[in-house]
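Scroll down for the structure; my scribbles are underneath it.
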Amino acid sequence: MPVVEALMRSSELIVLSAQSERALDIMAARLVDYVRAHPALSLRDIACGLASTQSHYNHRLALPVGTHDEFVSSFESASRGKRVRGLSRECVSPGRQTIVFVFPGQGPQWFGMGRELLVEEPAFREALEECAAAIEAETGWSVIDELKRPPETSRLERIEFAQPALFSVEVALGALWRSWGVEPDVVVGHSIGEVAAAYMAGAVTLADAAKVICRQSRLLERIHGKGELALVRLPAEEVVAALSGLEEEWSIAAINSRTSTVISGNPAAVSSILRRLHARGVPGKRVKVEVPAHSPQMDVLREDLLSALAEVAPQHPRVSMRSTVTGHPVGDGELTGAYWTNNLRQPVRFADVIESLLAEGHGIFVEVSPHPVLLPALEELRSRAGSGGATVGSLYRGRPERRSMLASAGRIFALGGSLI
């Protein structure tokens with residue numbers, strides 16, 4: 001893991017590798033003895049020394065720890081084959097595991113997100129400060145100040161603040177992953193998550209990404225409360241059949257997996273539809289979005305969106321980006337104002353894109369967000385495809401932030417990934 005000077009960090013990732021399961025157990029036991037014999041040795045020194053080993057073998061183990069006592073007890077248990085919370089232990093499969101970064105749309109934000117990483121991780125803080133500067137140039141308010149507000153004055157429940165803040169945290173998390181050596185081969189965005197994906201891919205500049213996320217969110221305030229989204233646990237075709245006769249009241253907003261469909265409509269219609277589905281035993285719940293996104297109701301904003309985003313100038317992507325609007329790789333010059341207008345209007349083709357990536361052999365999917373909302377869909381799609389690899393999150397609401405990231409980094413390492 002990267003060495004960060006003069007910073008106290010809440011936890012460290014300890015990684016081990018060996019040529020066999022038995023050798024890995026022996027190494028873990030010996031490491032416990034060594035740490036006991038050298039109590040003055042810092043966890044940072046141990047972690048950096050092990051991570052910087054020239055060669056890593058196929059049998060791997062990784063575990064985040066916060067204290068010497070935890071280190072000793074956890075690795076003692078691991079050396080005896082016992083289960084330890086947060087432990088990743090794998091035998092690396094042949095071939096390189098490619099990485100897909102997945103950026104969700106509105107919904108995973110939570111009060112206090114990113115605060116711990118702001119203190120502990122310079123790469124996260126630097127990226128967040130860059131985003132904050134670009135957004136302040138557009139809006140006049142500071143993302144960082146907003147993230148630090150107490151609950152009683154927080155404005156993160158409002159779209160015009162929530163979406164730019166979420167974009168900034170997602171970009172900063174992506175920068176942190178990269179600083180740890182986890183580089184995406186492909187990026188995917190869901191709904192407004194495509195703005196963060198596009199910037200991370202180099203397909204738009206930060207200034208243009210800020211224009212898109214800020215100007216869209218301001219315009220969406222006009223129709224706040226006029227629509228809702230709901231997640232229904234049915235395939236899209238079964239949702240259509242179940243709601244026959246109500247076609248004018250709702251539309252499909254996103255297909256997240258083959259058993260998970262998001263619908264969009266006015267609040268009364270969504271409430272009525274959920275009651276109808278619940279009566280039939282179909283699980284469904286509202287999504288934390290109070291606009292009729294990805295539906296014909298967005299047409300009222302079309303001309304204003306096109307005008308507001310007319311100056312956005314697409315760039316040549318440095319990293320492959322798969323569009324959940326078209327289902328295809330993003331090409332040069334594609335991410336114009338018209339594209340971003342369609343991003344809010346058209347259904348999100350998430351399942352199609354992920355299935356295509358799985359068919360191509362992509363292995364590790366990292367949800368880059370303050371709380372995982374797409375992991376269940378990703379895991380379902382991966383399981384249906386019979387694919388190896390893994391799906392991992394970044395942060396989790398209410399959990400220690402660095403430790404959450406390290407646990408996922410450990411999973412990536414155990415599967416064959418490399419960490420700096």
Side-chain angles (χ1 to χ4, degrees), residues 1 7-13 43 62-67 70 74 83-88 101-121 123-125 127-128 131-132 143-159 161-177 180 182 190-193 196 229 231 256 283 285-290 365-379 390-412:
M1 298 303 295
L7 278 181
M8 292 298 293
R9 301 192 296 196
S10 58
S11 52
E12 298 289 348
L13 182 66
L43 288 179
L63 179 67
V65 296
T67 66
E70 182 188 9
S74 296
R83 297 184 67 178
V84 179
R85 184 176 181 180
L87 174 72
S88 292
F101 278 6
V102 180
F103 298 86
Q106 188 174 341
Q109 70 275 6
W110 51 279
F111 173 75
M113 62 180 178
R115 289 185 183 181
E116 293 175 17
L117 291 181
L118 267 170
V119 175
E120 295 191 68
E121 290 294 340
F124 179 89
R125 182 173 63 247
L128 193 65
C131 289
V143 164
I144 294 177
D145 289 348
E146 196 61 44
L147 293 176
K148 292 180 177 179
R149 280 175 176 261
E152 57 271 18
T153 62
S154 175
R155 297 177 291 183
L156 290 180
E157 292 297 319
R158 293 168 52 184
I159 289 176
F161 295 94
Q163 291 188 354
L166 179 61
F167 162 82
S168 302
V169 170
E170 289 185 350
V171 168
L173 288 171
L176 180 55
W177 277 120
W180 287 358
V182 181
H190 187 292
S191 187
I192 65 157
L229 303 183
L231 178 66
N256 288 348
K285 63 179 181 179
R286 287 178 174 80
V287 178
K288 199 176 180 181
V289 178
E290 296 180 339
F365 292 76
V366 182
E367 181 171 339
V368 185
S369 77
H371 185 77
V373 293
L374 294 175
L375 282 192
L378 287 166
E379 189 59 31
T391 56
V392 301
S394 296
L395 303 185
Y396 289 77
R397 185 182 296 109
R399 296 188 193 176
E401 294 182 342
R402 177 172 164 82
R403 193 179 184 103
S404 294
M405 290 281 290
L406 290 180
S408 292
R411 179 82 172 131
I412 293 170

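In this structure the side chain of Leu43 never reaches within 4.5 angstrom of the side chain of Arg9, judged on heavy atoms.
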With side chain to side chain contact (heavy atoms under 4.5 Å, CB included) as the criterion, how do Leu147 and Met113 come out once you've worked through the C-alpha distance, each side chain's angles and the decisive distance to 0.1 Å? CA-CA 7 Å; Leu147 293 176; Met113 62 180 178; 3.8 Å; yes
Please test Leu13 against Trp180 for side chain to side chain contact (heavy atoms under 4.5 Å, CB included), starting from the C-alpha separation and ending with a verdict. CA-CA 11 Å; Leu13 182 66; Trp180 287 358; over 6 Å; no
Does the side chain to side chain contact (heavy atoms under 4.5 Å, CB included) test come out yes or no for Leu117 and Arg402, once each step is laid out? CA-CA 6 Å; Leu117 291 181; Arg402 177 172 164 82; 4.2 Å; yes
Starting from the C-alpha separation in whole Å, work towards a yes-or-no answer on side chain to side chain contact (heavy atoms under 4.5 Å, CB included) for Trp177 and Ser408. CA-CA 10 Å; Trp177 277 120; Ser408 292; 3.7 Å; yes
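Across Val143 and Pro164, no two heavy atoms sit closer than the pair CG2-O, 4.3 Å. The two atoms that bring Leu231 and Val287 nearest to each other are N-CG2, 3.8 Å, heavy atoms only. Taking every heavy atom of both residues into account, Leu395 and Pro372 meet most closely at O-CD, 3.2 Å. Contact between Pro104 and Val368 at its shortest, heavy atoms only, is CD-O, 3.7 Å. What you find for Gly174 and Phe101 is that their closest heavy atoms are O-CE2, 4.1 Å. Heavy atoms only, all atoms of each residue included: Leu156 and Ala165 are closest at CD2-CB, 3.7 Å.
The distance from the OG atom of Ser154 to the CD atom of Gln109 is 10.0 Å, given to the nearest 0.5 Å. Rounded to the nearest 0.5 angstrom, Cys131 SG and Glu170 CD are separated by 10.5 Å.
Partners of Arg115 by salt bridge (Lys or Arg N to Asp or Glu O under 4.0 Å), not counting sequence neighbours: none found. The side chain to side chain donor-acceptor pair (under 3.5 Å) test applied to Gln163 returns Gln106, not counting sequence neighbours. Residues passing the side chain to side chain contact (heavy atoms under 4.5 Å, CB included) test with Glu290, sequence neighbours excluded: His224. Take Glu70 and apply the side chain to side chain donor-acceptor pair (under 3.5 Å) test, not counting sequence neighbours, and it matches Arg403. Taking Ser88 as the reference, nothing meets the side chain to side chain donor-acceptor pair (under 3.5 Å) condition, with sequence neighbours excluded. The salt bridge (Lys or Arg N to Asp or Glu O under 4.0 Å) search around Arg158 returns Glu160, not counting sequence neighbours. Scanning for ring pair (Phe, Tyr, Trp, His ring centres under 6.0 Å) contacts around Tyr396 gives an empty result, with sequence neighbours left out. Shown here are the side chain to side chain donor-acceptor pair (under 3.5 Å) partners of Ser404, two or more places apart in sequence or in another chain: there are none. Not counting sequence neighbours, the partners of Glu157 by the side chain to side chain contact (heavy atoms under 4.5 Å, CB included) test are Lys288. Lys148 pairs by the side chain to side chain contact (heavy atoms under 4.5 Å, CB included) definition with Leu118, Ile144, not counting sequence neighbours. Every residue meeting the side chain to side chain contact (heavy atoms under 4.5 Å, CB included) condition with Arg397, not counting sequence neighbours, appears here in chain and number order: Trp110, His371.
At least one donor-acceptor pair closer than 3.5 Å links the side chain of Ser394 to the backbone N or O of Glu367. Counting only distance, with no hydrogens or angles, the side chain of Thr391 and the backbone of Phe365 share no donor-acceptor pair below 3.5 Å. The main-chain N or O of Glu116 is found under 3.5 Å from a side-chain atom of Glu401 such that the two form a donor-acceptor pair.
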